[in-house]
Amino acid sequence: MDFSFSEEQTLLRNTIQSFIQDNYDFDKRTEIVKSEEGMKIKNWKLFSDLGLLGLPFSEDDGGLGFGPIELMIVVEEFGKGLVVEPYIQTIVTCGGFLKRASEKQRSKYIPKIISGEDIWAFAYAEPQGRYNLNDLTTKASKEGDNYILNGYKCVVSAAPWSKKLIVSARTSGDQRDEEGISLFILDKDSSGISLRDYPTVDGSRASEIILEDVKVSSENLIGEEGKASELIEQVVDESIAAVCAEAIGAMSVLNETTVEYCKTRKQFGQPIGKFQVLQHRMVDMFMQYEQSVSMTYMVNLKLHEEYSERRKAASGAKVQICKAAKFIGQSAIQLHGGMGMTDELNVGHYFKRLSMIENLFGNIDHHLKKYASTA
Amino acid sequence: MDFSFSEEQTLLRNTIQSFIQDNYDFDKRTEIVKSEEGMKIKNWKLFSDLGLLGLPFSEDDGGLGFGPIELMIVVEEFGKGLVVEPYIQTIVTCGGFLKRASEKQRSKYIPKIISGEDIWAFAYAEPQGRYNLNDLTTKASKEGDNYILNGYKCVVSAAPWSKKLIVSARTSGDQRDEEGISLFILDKDSSGISLRDYPTVDGSRASEIILEDVKVSSENLIGEEGKASELIEQVVDESIAAVCAEAIGAMSVLNETTVEYCKTRKQFGQPIGKFQVLQHRMVDMFMQYEQSVSMTYMVNLKLHEEYSERRKAASGAKVQICKAAKFIGQSAIQLHGGMGMTDELNVGHYFKRLSMIENLFGNIDHHLKKYASTA
Amino acid sequence: MELGLSDEDLGFRDEVRDFIKKTFTNEMRKKLSLSKNGHVEKGLHVEWQNALYKKGWIAPNWPKEHGGAGFSATQKYVFETEMAREGAPRTVPFGLSMVAPVIMEFGTDEQKEKFLPDILSTKVWWCQGYSEPGSGSDLASLQCKAEDKGDYYLVNGTKIWTTMAQYADWIFCLVRTTKTEKPQQGISFILIDMSSKGIEVRPLITLEQTPDPHHEVNQVFFEDVRVPKENLIGEENKGWTYAKYLLEFERGNAYSPGLYRAVNNLREIAKDTPTGYGRNLIDDNDFINKLNECEIQIQAMEFVELRIFSALSAGERVGPESSILKCRGTEIQQLLQELSVEAISHWSIPFIEDTFANVNEPSIGPDYALTITPNYFNGRKTTIYAGSNEIQRNIISKAVLGL
Amino acid sequence: MELGLSDEDLGFRDEVRDFIKKTFTNEMRKKLSLSKNGHVEKGLHVEWQNALYKKGWIAPNWPKEHGGAGFSATQKYVFETEMAREGAPRTVPFGLSMVAPVIMEFGTDEQKEKFLPDILSTKVWWCQGYSEPGSGSDLASLQCKAEDKGDYYLVNGTKIWTTMAQYADWIFCLVRTTKTEKPQQGISFILIDMSSKGIEVRPLITLEQTPDPHHEVNQVFFEDVRVPKENLIGEENKGWTYAKYLLEFERGNAYSPGLYRAVNNLREIAKDTPTGYGRNLIDDNDFINKLNECEIQIQAMEFVELRIFSALSAGERVGPESSILKCRGTEIQQLLQELSVEAISHWSIPFIEDTFANVNEPSIGPDYALTITPNYFNGRKTTIYAGSNEIQRNIISKAVLGL
């Protein structure tokens with residue numbers, strides 16, 4: 001039993017911290033977010049140079065073969081910088097699928113991810129499905145060696161930047177069946193795909209994706225036809241674990257910034273941090289943060305456990321993170337007073353990102369239901 | 001539209017306040033609670049002399065013909081004194097049934113209530129039923145002109161003091177059917193009734209009641225056979241409205257006592273009421289109280305509305321009162337520190353009564369479900 | 001104790017409803033529903049206020065002699081309730097509810113004559129110059145100064161969070177005229193023509209990122225601005241007294257009708273939102289409990305309001321108790337905004353900069369989702385402004401509980 | 001980062017489990033389950049502690065040379081966890097965890113020899129004399145005084161909330177020996193034989209009304225009590241330093257194993273409790289969500305504890321962060337007690353004065369309901385004592401956040 005980080009892990013953390021310090025102060029981030037592209041390809045290449053894009057892939061696939069703890073470290077530090085480059089989307093989520101794909105697929109796709117050439121996005125959500133990963137109306141019908149995909153995927157994070165998409169679709173079964181779900185790798189420029197790209201409130205980009213008779217070769221099916229549900233849940237749990245890490249990164253900055261602000265901002269002749277009510281609010285923010293760190297460690301340490309243990313861990317962690325994200329985010333704004341309301345300060349942007357994380361892969365109610373059903 | 005009290009109502013309030021002042025300070029109450037009897041029959045007679053026991057009954061029945069607002073005033077003031085004499089049980093609840101009973105029943109029973117001769121209790125709860133008034137295993141089977149009752153009624157408030165019981169029992173239908181419930185008036189000393197009397201944590205008395213082949217004449221059936229469900233719900237709503245009033249009485253004392261204590265108790269060289277965190281806690285207690293007063297007025301003003309409006313009013317009010325009871329009760333103890341923990345101070349007794357009120361006629365979850373089903 | 005309205009008041013209520021039906025056009029409703037911060041362009045505000053003016057209802061709180069509506073207490077409550085129930089725009093408060101009462105109480109006859117009629121007819125748009133970058137909750141520490149130059153003041157400094165200053169013709173300001181020991185002393189209340197030389201208005205973009213000119217707040221800079229002495233209200237250095245007087249008018253709005261409206265809207269959305277498990281959100285126990293708890297809180301609030309209203313109409317003075325309304329009103333509103341974001345799940349994510357812009361393509365997600373996240377972000381202000389809720393609790397603690 | 005235990009530690013865990021199985025008798029379990037305040041009669045405490053003493057496990061936190069268990073950091077965690085999981089009684093802290101560390105650190109050799117062995121073997125029962133009626137959170141303001149009378153002190157005053165003083169042979173007290181400007185100065189730490197002339201112990205009955213002699217706390221009165229000077233710890237007037245040192249030992253317990261136990265118990269109760277609508281409480285969405293949220297909070301707590309434990313075993317100093325444990329631990333415990341009362345609905349109402357009394361009739365309601373309400377009432381103390389949670393938050397604010 002040990003909760004300390006290895007030297008190698010600490011080194012990794014320092015690397016990311018330097019990157020944030022040099023390339024991701026608030027002004028630089030604002031520039032990136034407001035740019036035409038919405039992300040900075042140079043950063044992505046730098047991630048590749050630093051080896052970050054190969055972190056979770058096996059050495060056989062050209063990666064570094066690291067586990068969830070290393071991903072947690074990277075993403076936590078990214079969270080501190082509100083990094084918009086789609087690391088979780090491409091590396092944790094799509095990477096999570098790909099590292100379990102066939103050898104042929106792995107050798108075809110992973111190298112271009114590691115080299116920073118290709119960005120990937122996971123298109124799973126549909127308007128009617130809310131957080132149910134199995135509620136799919138997107139259909140894939142087999143036609144010879146191909147599948148023909150039709151459907152609508154909404155709010156696909158990072159899609160505007162992606163070369164490839166992983167799309168969940170129904171090959172059989174009823175709308176909400178667990179059985180009959182398949183995963184496909186699609187070129188974004190395949191004929192029949194149309195995207196509507198837009199910015200998101202937290203400084204990222206996403207797309208609405210319409211699939212009209214998109215032809216995909218069966219070589220691009222991940223795993224067995226109709227059997228993807230379990231894999232999707234697993235990868236989503238891993239993504240939740242990463243999102244939790246991103247959240248604690250953001251929370252830590254928000255807490256520090258708030259404490260710092262309250263030490264310097266004076267009202268009624270003293271720093272507002274001298275008012276006991278604000279002190280206790282910040283103590284509660286701190287406690288929420290510490291509990292969130294704990295749950296983030298917990299879920300990342302339990303990702304390899306068997307199904308129900310892992311599911312409970314992921315849902316439990318997400319419940320805590322959602323609660324803390326709301327409390328810390330809202331409190332930080334409140335304690336900054338008017339200044340918390342301007343878009344010119346970083347505080348609001350952390351708040352907005354945390355608000356969106358509450359919703360990502362399911363909110364509190366959703367995960368309490370999941371938790372209850374696994375308990 | 002008017003929220004002021006009439007002169008007559010103010011006079012009524014003053015009467016009760018004088019009674020509390022003269023007869024119900026904390027020491028006197030403790031003496032009553034610790035006495036063999038557990039209540040003071042002299043007080044009950046005094047209530048009769050003051051006309052309080054005839055308040056809701058029509059003038060034809062020998063009463064004063066007052067409405068919910070007058071009952072609210074009486075019970076609110078009783079709440080301030082933590083009065084244990086069973087006013088709600090006898091006058092509001094059993095009285096609520098009796099004033100709608102047959103003329104024969106009214107003339108037989110109401111005068112003895114008004115005169116203070118008879119105390120009544122309503123035996124409705126059963127161990128398996130939780131807060132569902134319709135979940136009854138107590139059975140009444142017709143035998144000629146009589147009914148034979150068998151069953152078990154638990155935690156019957158005020159039963160040890162009562163001459164008469166009103167008992168809900170199933171004359172037909174399945175265990176939780178709305179149809180098939182009947183109400184009976186029972187002499188407590190009827191053969192086949194056995195009681196186990198005990199004190200309650202909030203200073204009152206209650207009984208477990210076992211009914212074994214208790215014979216009741218059909219003259220003692222209230223209303224139509226099998227049709228009592230609606231009436232029970234109505235009278236319980238009226239009782240909820242009264243309990244809310246009792247609760248705001250208790251809350252007001254608890255809030256005042258706490259503010260007073262914090263003004264005088266010194267720690268770290270100043271009254272603890274100077275600490276902002278405690279100030280804001282007391283402000284939140286005050287706000288919870290004000291909202292509870294509002295909801296108590298609301299429900300008492302809406303008792304005459306049609307079914308769903310009344311039900312929503314009762315459940316909404318109870319939700320607010322339960323929330324406030326918990327917050328104010330717990331906060332008062334916390335702010336009194338160690339002193340809040342002793343049984344020798346009145347604070348703890350208000351806290352305990354409020355804790356039990358949370359549970360009376362259904363807790364928050366129960367009433368949120370009721371509210372949702374009527375919404 | 002009585003909940004019902006008299007026949008006369010019911011008649012009045014019908015008149016109000018009728019007015020709203022005729023005057024609160026679909027175009028206005030649409031525009032308001034597209035707003036990320038609750039404000040629309042100046043023209044629409046003016047149009048609405050003109051209609052009220054014509055009807056004689058523009059100033060329910062003014063005395064009749066100055067052009068007030070002459071409502072009874074009940075009528076005032078009915079009027080406000082009906083307006084909020086329909087989501088009709090509130091009148092812009094800076095002229096009608098803020099500077100006007102001060103002018104009426106403390107202004108000279110000339111000032112009354114000069115300013116009040118134009119406020120009543122919305123000919124002149126006012127904004128408020130109170131907060132400064134260093135003085136938020138602690139107004140008394142303000143720095144913006146007005147030097148006595150004989151027949152005028154020379155004003156230098158800056159005011160921040162000035163709502164809709166981009167539209168304003170005049171601003172009323174608290175300025176420092178004397179340096180004193182006690183910071184509350186030495187503050188004066190002056191009126192400044194926004195077209196004066198040396199004034200600059202800069203937009204402040206807030207969290208929801210409403211673009212100029214629809215943005216909500218600004219920073220106003222004063223550089224050697226000359227203000228004629230006749231624009232001083234009352235006595236020099238007594239500004240604090242007038243400001244406190246004014247604060248009484250800021251509080252005591254009825255929140256519940258608007259909140260009922262919001263909770264009903266959300267109920268409609270929940271009917272329309274699939275859970276992903278074959279039902280709609282309206283059937284989701286967890287969500288609906290939160291919604292119903294909210295509604296119960298609103299009802300508790302409504303009856304607090306009714307009690308305050310009743311005390312007012314009985315001639316009682318209602319003081320700091322009304323801080324309860326500020327606290328609960330804004331906190332319930334924020335809760336509803338939170339729940340709304342929760343309801344629309346994925347659709348909370350897309351960012352639309354200018355929701356008023358005439359786009360040819362349909363909006364992303366359902367129409368009702370368009371402004372929900374911006375409103376949530378923007379709504380955080382309500383527990384900060386007009387005396388933060390922490391300050392309100394301080395007020396209750398001191399003035400009501402005597403702590 | 002690693003969650004698992006080494007084989008060696010797993011072996012140790014089995015040993016602990018084995019010990020508990022053999023030693024924690026059904027009679028003890030039954031008695032504890034009947035307690036309204038978590039305490040049982042002296043004999044049972046002593047019996048339990050003697051067993052631990054024989055096993056060499058009575059003092060996990062003592063250094064080996066004084067008879068400590070010599071556990072590694074992990075073993076200590078495992079030991080504590082296993083004990084709490086089973087609901088085994090905690091050792092009474094006043095001797096072992098409170099006065100002993102002070103004697104070891106600041107006592108004379110004679111004091112060590114005289115007191116430590118008897119503490120280890122539970123021959124002597126200690127209680128703590130800190131709080132006074134006027135000094136709760138603000139200990140420094142204490143009034144109980146010890147006058148220097150040459151070779152003894154004359155002690156006059158009173159101590160309150162002295163837990164299980166009815167059983168105590170000795171009491172350690174903070175007393176005022178000098179009047180000084182700074183209240184923290186002038187306080188001394190002395191040991192008093194409870195059989196001294198002039199001491200009176202009066203029971204204080206708390207909310208749950210546990211009757212004497214099972215009651216929890218007392219007030220202790222000192223009237224001209226003579227205390228030999230050799231019973232002074234360290235230097236006169238330095239008592240505050242020793243008390244602060246001791247406080248470090250009061251914090252930092254692992255709460256989560258006991259809380260897991262409580263949440264599991266409650267789950268069992270929920271399985272057994274009908275809702276009145278044809279199901280059991282375990283199937284009630286509202287209730288189960290609250291229970292699961294509680295469990296999630298416990299898990300968050302568990303991993304905070306694990307992180308602190310890990311830092312400790314890596315030799316890091318863990319200071320005021322452990323105030324988090326006090327706050328969260330007691331608050332979650334209270335939440336569970338609240339939910340338990342909620343679960344049993346009607347059965348929360350009956351009052352049983354002496355739950356230990358051998359009654360012939362069955363209890364009212366299910367057996368498990370017997371102590372739930374008393375535990376809820378009694379449990380309110382936990383956020384008050386040992387530094388109220390408000391004080392804990394002050395500590396975190398100052399020492400961790402630097403505010």
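By convention in this document, chain letters (A, B, ...) are assigned in the order of the sequence lines, proteins followed by strands, and residues within each chain are numbered from 1. Excluded from the calculations below are hydrogen atoms, water molecules and symmetry mates; all remaining heavy atoms, backbone and side chain alike, are included.
At a 4.5 Å heavy-atom cutoff, the contact between D:I396 and chain A is made by backbone and side-chain atoms alike. Proximity to chain A is absent for every atom of D:E302, based on heavy atoms less than 4.5 angstrom apart. In this structure, chain D has a heavy atom under 4.5 Å from the side chain of A:V319, while its backbone stays farther away. In this structure, chain D has a heavy atom under 4.5 Å from the side chain of A:D284, while its backbone stays farther away. With a threshold of 4.5 angstrom between heavy atoms, A:L368 approaches chain D through its backbone and through its side chain. For chain D, no part of A:E256 is nearby; none of its heavy atoms comes within less than 4.5 Å.
For A:S4 against D:S310, the heavy-atom pair with the smallest separation is N-OG, 4.0 Å.
At a threshold of 4.0 Å, the pair D:R328-A:E290 does not count as salt-bridged, since none of the basic side-chain nitrogens sits closer than that to a carboxylate oxygen.
When each of D:M301, D:R267, D:E293 is scored by its heavy-atom pairs under 4.5 Å with chain A, the top score falls to D:E293.
Counting heavy atoms from C-beta outward, A:Y371 and D:N289 have side chains that stay 4.5 Å or more apart.
When each of A:R281, A:Q279, A:M287 is checked for a side chain to side chain contact (heavy atoms under 4.5 Å, CB included) with D:R393, only A:M287 meets the rule.
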Checklist entry - Passes side-chain contact (heavy atoms from CB on, under 4.5 Å), D:N394 versus A:Q276? Steps please. => result CA-CA 8 Å; D:N394 286 348; A:Q276 198 189 22; 3.1 Å; yes

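The line from CZ of A:F3 to CZ of D:F303 is 5.0 Å long, rounded to the nearest 0.5 Å.
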